[in-house]
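Please read the structure below before turning to the comments.
Computed from a predicted structure; not experimentally measured.
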Amino acid sequence: MISESDKLNMMVGYKQTLRAINEDKADRIYLAEESDDKIRSSVESAAETKNIQVFYIKSMRELGAMCGIEVGASCAVILK
């Protein structure tokens, strides 16, 4: 789902994702369904405010693997 070229313009993690959204640098957001409620709600709210599409991934482990890291990830963002 995340192409190799997208991985070059990707940031992984909650703080990095929110920063990219708030600085109008986010193109797409990937969010693990099993993320903490606080993380999910704040990312969803920020994305809705900026009209950015959110793609949901089943687990944090799966999202981490898609991002090319060996640990789980709650969210990731593809930059413009």
Handout entry: I57 side, atom CD1; E34 side, atom CD - distance, nearest 0.5 Å
Key = 11.5 Å
Handout entry: Heavy atoms from other residues, nucleotides or ligands near CD of E48 exceed 12 (cutoff 6.0 Å)
Key = no
Exercise for the section: Starting at NZ of K80, measure out to CD of E23 and round the result to the nearest 0.5 Å. Expected result: 11.5 Å
Under 3.5 Å, sequence neighbours excluded: what are the donor-acceptor pairs made by side chains of residues 39-46?
unit_1 : atom_1 : unit_2 : atom_2 : d
R40    : NH1    : E33    : O      : 3.1
R40    : NH1    : S35    : O      : 2.8
R40    : NH1    : D37    : OD1    : 3.4
R40    : NH2    : D37    : OD1    : 2.8
S41    : OG     : D37    : O      : 3.0
S41    : OG     : K38    : O      : 3.2
S42    : OG     : Y14    : OH     : 2.9
S42    : OG     : K38    : O      : 3.0
S42    : OG     : I39    : O      : 3.2
E44    : OE2    : Y56    : OH     : 2.7

Exercise for the section: To the nearest 0.5 angstrom, please state how far the CD1 atom of I29 sits from the CD1 atom of I21. Expected result: 3.5 Å
Problem - Inter-residue atom distance D6.CG - D27.CG, 0.5 Å rounding - result: 8.0 Å
Fill in the blank from the handout: For N51, the side chain to side chain donor-acceptor pair (under 3.5 Å) test, sequence neighbours excluded, returns none
Problem - Over 12 non-hydrogen atoms of neighbours within 6.0 angstrom of NZ in K25 - result: no
Handout entry: Exercise: identify the closest heavy-atom pair between D24 and K50
Key = OD1-NZ, 3.1 Å
List the atom pairs, with distances to 0.1 Å, where a side-chain N or O of residues 58-79 and a protein N or O form a donor-acceptor pair under 3.5 Å, not counting sequence neighbours.
unit_1 : atom_1 : unit_2 : atom_2 : d
S59    : OG     : E62    : N      : 3.0

